[in-house]
Trainee: 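There's a structure below that I have some questions on.
The figures here come from the full heavy-atom set of this structure, side chains too, leaving out hydrogens, waters and symmetry mates.
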Amino acid sequence: MRPGIIPLRPLGLGDILDGAIKLIRSNPKSVLGLSAIAAALSAIPLAIGEALLLGSGATPLENLPEASFLAQYGGALLSYAVQLVAVTLLTGVLTRILGRAVFGGRMTAGEAWTLTRSRVPTLFGLVIVSTVALLAPLLLIVGLFAALDAAGAELSVVVIVGLLALLAFVAYALFITTRLALAPAAAVLERLGVVDSLRRSWNLVSGGFWRTLGILLLTQIIAGLVGTVLSFPFTLGGSLLGLLGGGSLGAQIATAVLIAVGATVGAMITYPFQAAVNGLLYADRRMRTEAFDLVLQTAAIEQRRQGWVHASADDLWDPSVTPTGPARHGFPDQGAPWSHS
């Protein structure tokens, strides 16, 4: 049974990647529109900083260390900050759209935001806690190097310890990000708090850690390649304009526009793809560990009989809710018409 973007059974790698693409194709206006906004907001500060840096050869920026620093790093730092906020919000909204798309239903951007906005504090809480958990070992590494310096250790010892510390941190980072990767989906679809979402992700990944890690790494590689290919023509054109434009205002503006467009085009595809893979991994883990596919199949059969994907289908993702029909909990018989994907 495949009423929506995935078959309602435990998913293979091909099902997950195909489902991520089908999410974009099944609801392009909402998915790509929201992703384009988030990507543009993230790309504009970085593009401006790069344009100023490329055009600095004919300007007195080298005589102003503060201005040079801002041109080189200010745009990137601001871009990362904006990206953190935009991608966090986008992940929540896209996860809500994905929850309906599994049944073949569609959701407007406005409806998705209405259903997601109450989860925004939890999503940002997840980002903060996950970041702290990820970076905490760096304090130990800094302390270790401080101790080596105080002990007057030889350079060879410092290098060896540094390499071992780097390998240990990479292993830890992969472990912690994999175990917590499903927390945003749990927070949005199950309406859990920060701690419960993290615990839920940790438990769901148990028994499938290596598979989950492999799919996440493959997704990062695919997204990186796709984003690079899509943005390369714009980035190349912008870089050439910045280098050959003599530092003129027009050249810097054109450079900023091209770089921003390139980054936006790449990210508007990769953002929803990565969010969809995470959401589908969450669904897959629930089907494998909780027989959740049986719940989805039963609901899909009822929806097919009635000919509608009801808004109350969203409640099926919450384990505390027992499905009793499409009009339960005050939801009328509403939703998108049934459509086969």
Side-chain angles (χ1 to χ4, degrees), residues 5-6 8-11 15-16 19-20 23 84 87-103 112 115-136 172-217 219-220 272 274-299 312-323 329:
I5 61 175
I6 56 170
L8 302 184
R9 55 162 173 75
L11 305 175
D15 296 321
I16 293 175
L23 174 68
L84 177 64
V87 172
T88 299
L89 296 177
L90 180 66
T91 300
V93 174
L94 292 180
T95 301
R96 178 55 67 186
I97 294 175
L98 181 143
R100 187 81 59 86
V102 166
F103 297 102
L115 295 172
T116 306
R117 62 187 178 188
S118 63
R119 311 308 306 155
V120 169
T122 300
L123 289 171
F124 280 110
L126 289 174
V127 171
I128 294 172
V129 174
S130 300
T131 302
V132 171
L134 180 63
L135 299 181
Y172 170 80
L174 291 174
F175 173 77
I176 203 70
T177 53
T178 301
R179 295 302 294 248
L180 304 182
L182 310 185
V188 172
L189 296 177
E190 298 186 31
R191 306 179 182 93
L192 300 176
V194 174
V195 176
D196 288 337
S197 296
L198 294 172
R199 184 182 297 114
R200 179 71 162 141
S201 177
W202 191 281
N203 292 334
L204 284 174
V205 173
S206 296
F209 173 83
W210 292 108
R211 181 173 183 272
T212 303
L213 172 61
I215 293 175
L216 291 175
L217 288 177
T219 302
Q220 291 288 342
Q274 291 174 286
V277 168
N278 279 42
L280 293 175
L281 271 173
Y282 158 82
D284 174 64
R285 292 307 304 161
R286 287 194 62 181
M287 287 189 281
R288 290 177 183 274
T289 61
E290 302 172 353
F292 187 59
D293 50 326
L294 301 181
V295 176
L296 297 179
Q297 290 171 19
T298 301
S312 58
D314 298 339
D315 287 345
L316 292 171
W317 296 97
D318 187 347
S320 65
V321 176
T322 302
H329 300 306

Trainee: Can you check side-chain contact (heavy atoms from CB on, under 4.5 Å) on N203 and R199, steps first, answer last?
Mentor: CA-CA 6 Å; N203 292 334; R199 184 182 297 114; 3.7 Å; yes
Trainee: Using atom types as modelled and distance alone, determine if a side-chain donor or acceptor of R119 lies under 3.5 Å from a backbone N or O of G92.
Mentor: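 Not at all, since once roles are kept as given, no pair shorter than 3.5 Å links the two residues.
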Trainee: How far apart are the C-alpha atoms of R9 and D284, what are their side-chain angles, what is the distance that settles it, and do they pass the salt bridge (charged side-chain N to carboxylate O under 4.0 Å, His left out) test?
Mentor: CA-CA 8 Å; R9 55 162 173 75; D284 174 64; over 6 Å; no
Trainee: Taking the side chain as C-beta and beyond, is there a heavy-atom pair between W317 and V102 under 4.5 Å?
Mentor: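 Sidechains of V102 and W317: in contact.
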Trainee: So, does R285 use its side chain to make a donor-acceptor pair with the main chain of S206 at under 3.5 Å?
Mentor: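 Pair found, side chain donor or acceptor close to backbone of S206.
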Trainee: Just wondering, do V277 and Q274 contact through their side chains at under 4.5 Å, heavy atoms?
Mentor: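 Not touching, per the 4.5 Å side-chain cut-off.
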Trainee: Does the side chain of R286 reach to within under 4.5 Å of the side chain of D293, using non-hydrogen atoms?
Mentor: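 No, their side chains stay 4.5 Å or more apart.
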Trainee: State plainly whether the residues R191 and D315 are in salt-bridge range, i.e. N to O under 4.0 Å.
Mentor: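 Yes.
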Trainee: Please give me the minimum heavy-atom distance between G193 and T122, naming the atom from each residue.
Mentor: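 Where G193 meets T122 most closely, the heavy atoms are C-CG2, 3.8 Å.
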Trainee: Does any part of the side chain of L89, heavy atoms only, come nearer than 4.5 Å to the side chain of T116, both counted from C-beta?
Mentor: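 When only atoms from C-beta onward are counted, L89 and T116 do not touch, as no gap falls below 4.5 Å.
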Trainee: Would you mind reporting whether T91 and L123 have side-chain heavy atoms less than 4.5 Å apart?
Mentor: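 Heavy-atom side-chain distance check fails, nothing below 4.5 Å.
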Trainee: For the residue pair V120 and T88, establish whether any side-chain heavy-atom pair is separated by less than 4.5 Å.
Mentor: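 They are not in contact (no side-chain heavy atoms under 4.5 Å apart), so the answer is no.
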Trainee: Please confirm whether F175 and W210 have ring centers closer than 6.0 angstrom.
Mentor: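 Centroid distance F175-W210: not below 6.0 Å, so no.
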Trainee: Report the C-alpha separation of E190 and R96 in whole Å, then their side-chain angles, then the decisive distance to 0.1 Å, and conclude whether the salt bridge (charged side-chain N to carboxylate O under 4.0 Å, His left out) test is met.
Mentor: CA-CA 10 Å; E190 298 186 31; R96 178 55 67 186; over 6 Å; no
Trainee: Is the shortest heavy-atom distance from the side chain of N278 to the side chain of Y282 under 4.5 Å?
Mentor: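 Heavy-atom side-chain distance check fails, nothing below 4.5 Å.
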Trainee: Does the side chain of S130 come within less than 4.5 Å of L198's, by heavy atoms?
Mentor: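 L198 vs S130: side chains touch.
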